[in-house]
Amino acid sequence: MKRNPIDPKTSILYAAKKLFAKYGFKATTVRQICEEAHVNTAFVSYYFGGKENLFYALLDTFYPQERMLQKNKPRSSPEEELRSILEEMIRFKWDDLEMAAIIHQEIAMNSPRKEKVLQYTQPVWKRVRRILEIGRDQGIFHLRSLDHTLLVIMGAILFPGSHPIQNLLLESPSPSVDEIVTDTLNLIFKGLT
């Protein structure tokens, strides 16, 4: 085994994230994770108590729920708060494609881990819904259906780049994350205001 410059626990987390994103939770073995991390398989039990708890540790470590929600305490307007929380969500998705893929897989496959994943993601989406509702009530956002508007915003944030087949439709090089944030927020806010 090759020596790894980071501690075994962190090395295991990064290896698991990489392999779960690539092959899925079920198809990835503890042995594969440990080979990728260059550590003994006993470390998974020692640090995490098994593969399932390792999965949950990934969410604890890499999903920025608190950052999304803390950063987005009430602002001067619903528009400012919505813009801020959506930007955080878009940046998370594009800055950590592996975690975004893992979350997407678990929800799409209706896996046994889906409920735990939703414990992390739903509070953020519920906050988005509440901001939309406040903005509608204040006459800032113009929407016919709160439910449909939320689904469209979720689609704009979650769908792009979630499947490699989408690349077949693209004609330009991939934009930067900053450009993705700007373009996505412009589209959403033009539809809301």
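It should be emphasised that the depicted structure is a prediction, and the values quoted were computed from it without experimental measurement. If you read the sequence from its start, that first residue is 1, and numbering goes on from there.
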Can you hop from [X] to [Y] via hydrophobic side chains spaced under 4.5 Å?
{"X": "Met99", "Y": "Met154", "answer": "yes"}
{"X": "Met109", "Y": "Leu97", "answer": "no"}
{"X": "Trp125", "Y": "Leu143", "answer": "yes"}
{"X": "Ile153", "Y": "Leu146", "answer": "yes"}
{"X": "Leu132", "Y": "Val152", "answer": "no"}

Considering only heavy atoms from C-beta outward, does the side chain of [X] approach that of [Y] to under 4.5 Å?
{"X": "Ser111", "Y": "Phe25", "value": "no"}
{"X": "Val181", "Y": "Leu86", "value": "no"}
{"X": "Phe62", "Y": "Glu98", "value": "no"}

Side chains of residues 13-20: which donor-acceptor pairs under 3.5 Å do they make with residues two or more places apart or in other chains?
residue	atom	partner	partner atom	Å
Lys17	NZ	Asp96	OD1	3.1
Lys17	NZ	Asp96	OD2	3.0
Lys18	NZ	Glu36	OE2	2.9

Compare every heavy atom of [Y] with every heavy atom of [X], then report the nearest pair and how far apart it is.
{"X": "Tyr120", "Y": "Gln65", "answer": "O-NE2, 2.9 Å"}
{"X": "Leu54", "Y": "Ile33", "answer": "CD2-CD1, 3.9 Å"}
{"X": "Arg31", "Y": "Thr41", "answer": "CA-CG2, 4.0 Å"}
{"X": "Lys9", "Y": "Phe48", "answer": "CG-CZ, 3.6 Å"}
{"X": "Cys34", "Y": "Val44", "answer": "SG-CG2, 3.5 Å"}

Qualifying side-chain hydrogen bond (donor to acceptor under 3.5 Å, both in side chains) pairs, either residue in residues 140-152, two or more places apart: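 Those involving residues 140-152 are Arg129-Asp147.
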Rounded to the nearest 0.5 Å, what's the gap from [atom1] on [X] to [atom2] on [Y]? Could you check?
{"X": "Phe141", "Y": "Arg136", "atom1": "CZ", "atom2": "CZ", "result": "11.5 Å"}
{"X": "Gln105", "Y": "Lys26", "atom1": "CD", "atom2": "NZ", "result": "13.5 Å"}
{"X": "His38", "Y": "Phe43", "atom1": "NE2", "atom2": "CZ", "result": "14.0 Å"}
{"X": "Leu158", "Y": "Ile107", "atom1": "CG", "atom2": "CD1", "result": "8.0 Å"}
{"X": "Ile85", "Y": "Glu80", "atom1": "CD1", "atom2": "CD", "result": "13.5 Å"}
{"X": "Leu150", "Y": "Glu133", "atom1": "CG", "atom2": "CD", "result": "11.0 Å"}

Short side-chain to backbone donor-acceptor contact, Ser11 and Ala37, under 3.5 Å: yes
Those residues that, when tested against Asp178, pass side-chain hydrogen bond (donor to acceptor under 3.5 Å, both in side chains) (two or more places apart): Arg91
Partners meeting side-chain hydrogen bond (donor to acceptor under 3.5 Å, both in side chains) with Tyr56 (sequence neighbours left out):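 So Tyr56 forms a side-chain hydrogen bond (donor to acceptor under 3.5 Å, both in side chains) with Glu52.
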Atom pairs and distances, side-chain donor-acceptor, residues 184-193, under 3.5 Å, sequence neighbours left out:
residue	atom	partner	partner atom	Å
Thr184	OG1	Ile180	O	2.8
Asn186	ND2	Thr182	O	3.3
Thr193	OG1	Phe189	O	2.7

Contacts of Lys116 that satisfy salt bridge (Lys or Arg N to Asp or Glu O under 4.0 Å) - sequence neighbours left out: none
Could you tell me whether [X] and [Y] have a side-chain N and a carboxylate O separated by less than 4.0 Å?
{"X": "Lys114", "Y": "Glu106", "result": "no"}
{"X": "Arg83", "Y": "Glu79", "result": "yes"}
{"X": "Glu81", "Y": "Arg127", "result": "yes"}

Verdict with supporting geometry, Phe92 and Tyr63, ring-ring contact (aromatic ring centres under 6.0 Å, His included): CA-CA 8 Å; Phe92 162 71; Tyr63 188 74; 5.1 Å; yes
Side-chain H-bond candidate by donor/acceptor type, Thr29 with Gln32, under 3.5 Å: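 Judged by distance alone, the side chains do pair up.
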Six-ring centre of Phe55, Arg113 cation under 6.0 angstrom, axis tolerance 45°: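 Output yes; distance and angle both within limits.
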